[in-house]
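See below for the structure under consideration.
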Number of protein chains: 2
Amino acid sequence: MKWDTLEEEPCSLARTVAVIGDRWTLLILRECFLRVRRFEAFQSSLQITRHLLSERLKKLVRFGILRRVPYSEAPKRYEYILTQKGLDLYPIIMAMVHWGDAHMGDERGRPLLHEHKSCGKLFDPVMVCSECGEVLHAKQVHVHTGPGRKEAAG
Amino acid sequence: MKWDTLEEEPCSLARTVAVIGDRWTLLILRECFLRVRRFEAFQSSLQITRHLLSERLKKLVRFGILRRVPYSEAPKRYEYILTQKGLDLYPIIMAMVHWGDAHMGDERGRPLLHEHKSCGKLFDPVMVCSECGEVLHAKQVHVHTGPGRKEAAG
DNA sequence: CAACTTAGTTCCTTTTTCAGACTGACGCCT
DNA sequence: AGGCGTCAGTCTGAAAAAGGAACTAAGTTG
């Protein structure tokens with residue numbers, strides 16, 4: 001398996017992994033959802049090398065997850081804003097945060113708490129079936145080969 | 001930021017990323033959820049180098065996501081089975097698959113279709129609020145500093 | 001006994017990442 | 001006008017990780 005063709009694999013997970021499947025990208029996205037937008041802000045809060053940050057931001061822009069928007073003309077300066085495609089990554093990020101809360105916590109409790117503005121309560125994200133609304137469990141799901149893959153290779 | 005201390009960061013996303021935040025690990029987990037259990041099976045379906053596969057499996061066992069279970073005594077052979085902690089990664093994997101379906105698809109349609117055994121229908125995973133059951137959107141969530149972090153650093 | 005299977009390990013090359021200095025365009029102060 | 005600071009990067013050489021392929025080990029099959 002080659003990393004540069006991963007996004008063409010007949011597997012939606014592989015395609016997603018091709019875009020956001022590395023440590024820095026996921027941490028950069030965390031910052032995006034915490035409303036960080038500028039190069040220096042990402043760099044100082046993540047302590048990522050400037051080189052890698054530059055690379056990763058370019059990649060996220062290339063894939064349409066971030067938009068590079070000028071916020072100053074005089075010295076040309078840009079900030080990075082989540083597109084709708086980027087905002088749609090929210091369930092992934094929240095699922096990861098939730099798993100970390102549940103399984104990687106320490107005695108001090110959660111680092112962050114999430115409040116749902118609609119209902120005003122602190123919540124956990126729950127994944128449900130779009131059809132019946134029940135909570136999803138791996139064992140309750142059966143996988144079928146879809147049209148995007150000729151052969152059933154798993 | 002150092003990778004070997006990432007799991008101690010006061011951030012649940014960083015802790016999760018420390019465990020599953022690389023390409024191979026995510027692809028290995030995909031195979032696990034497709035009921036792949038054995039070294040050779042992972043290796044041949046992923047085309048990962050044996051060295052890396054060995055490393056990643058050890059790491060997943062170390063973090064309690066997989067269990068290494070003997071399935072043959074005579075030549076000692078082991079298979080790798082998801083623990084409950086591992087099964088709990090399902091929402092992350094499904095969220096990634098769903099995003100790939102929605103945003104990285106091609107003209108041929110989805111590679112895989114998922115059927116919910118409980119209701120018998122093909123479904124998409126949806127993330128909802130544990131308290132009110134509404135679909136979650138990034139903009140409807142307010143983040144508070146929790147007890148696991150002294151300072152509000154984002 | 002030779003060939004095959006399974007689950008790794010070892011060795012060497014190539015690619016990525018890291019840490020930090022450097023660039024360039026401007027803005028502000030005196 | 002000169003010097004300092006800010007922002008958004010680029011460049012460079014060293015260190016770490018990944019890739020590729022052969023090798024080991026224990027047992028099974030023909």
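Order of the sequence lines fixes the chain letters, A, B, ..., with proteins taken first and strands second; residue numbering starts at 1 for each chain. Please read these numbers as outputs of a predicted model, since none were measured by experiment.
- The shortest heavy-atom contact between L53(A) and F39(A) is CD2-O, 3.4 Å.
- Candidate nucleotides dG9(D), dT6(C), dC7(D) were compared by shortest atom distance to the side chain of R68(A), and dG9(D) ranks first.
- Note on Y80(A): only backbone sugar-phosphate atoms sit closer than 4.0 angstrom, heavy atoms only; bases stay farther off.
- Put simply, S72(A) has no side-chain N or O that comes within less than 4.0 Å of OP1 or OP2 on dC26(C).
- In this structure, Y78(B) places its OH atom 17 Å from C1' of dT5(C), rounding to the nearest Å.
- No donor-acceptor distance shorter than 3.5 angstrom exists from the side chain of T16(A) to the backbone of V97(B), with no hydrogens or angles considered.
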Under a 4.0 Å heavy-atom criterion, the protein footprint on nucleotides 25-30 of chain D, written with B, S and -, is -BSS--
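- Remark: Y80(A) engages no residue in a ring-ring contact (aromatic ring centres under 6.0 Å, His included) (not counting sequence neighbours).
- The cationic atom of R77(B) (NZ for Lys, CZ for Arg) does not lie both less than 6.0 Å from the six-membered ring centre of Y71(B) and within 45° of the ring axis.
- In this structure, R67(A) contributes its side chain and I65(A) its backbone to no donor-acceptor pair below 3.5 Å.
- One interatomic measurement links the two molecules: CD of Q43(A) to P of dA19(C), which rounds to 11 Å at whole-angstrom precision.
- The residue Y71(A) sits close only to the backbone: its heavy atoms come under 4.0 Å of sugar-phosphate atoms, none of a base.
- Checked by atom type and distance alone, the side chain of S130(B) pairs as donor or acceptor with a backbone atom of D124(A) at under 3.5 Å.
- Of all heavy-atom pairs spanning C132(B) and C119(A), the tightest one is CB-CB, 3.7 Å.
- A sub-4.0 Å separation between OP1 or OP2 of dA7(C) and a side-chain N or O of K58(B) is absent.
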Extract from the structure each pairing of a protein N or O with an N or O of nucleotides 17-24 of chain D at less than 3.5 Å, listing the distance.
{"residue": "dA18(D)", "atom": "OP1", "partner": "R56(B)", "partner atom": "NH2", "Å": "2.8"}
{"residue": "dA18(D)", "atom": "OP2", "partner": "R56(B)", "partner atom": "NH2", "Å": "3.4"}
{"residue": "dG19(D)", "atom": "OP1", "partner": "W3(A)", "partner atom": "NE1", "Å": "3.4"}
{"residue": "dG19(D)", "atom": "OP2", "partner": "W24(B)", "partner atom": "NE1", "Å": "2.9"}

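- Atoms CG (L53(A)) and C1' (dC7(D)) sit 12 Å apart, rounded to a whole Å.
- Within the model, atoms CZ of F63(B) and CD of E7(B) stand 4.0 Å from one another, a figure rounded to the nearest 0.5 Å.
- Summarising the geometry, the separation between CG on L57(A) and C1' on dT10(D) is reported as 14 Å, rounded to the nearest angstrom.
- Taking atom CD of E40(A) as the reference point, atom C1' of dG5(D) lies 12 Å away to the nearest angstrom.
- When the nucleotides dT9(C), dG9(D), dA7(C) are ranked by their closest atom to the side chain of F39(A), dG9(D) comes out on top.
- In this structure, K59(A) atom NZ and dT16(C) atom P are separated by 11 Å, rounded to whole Å.
- In this structure, H116(A) has its ring center at least 6.0 angstrom away from the ring center of H114(A).
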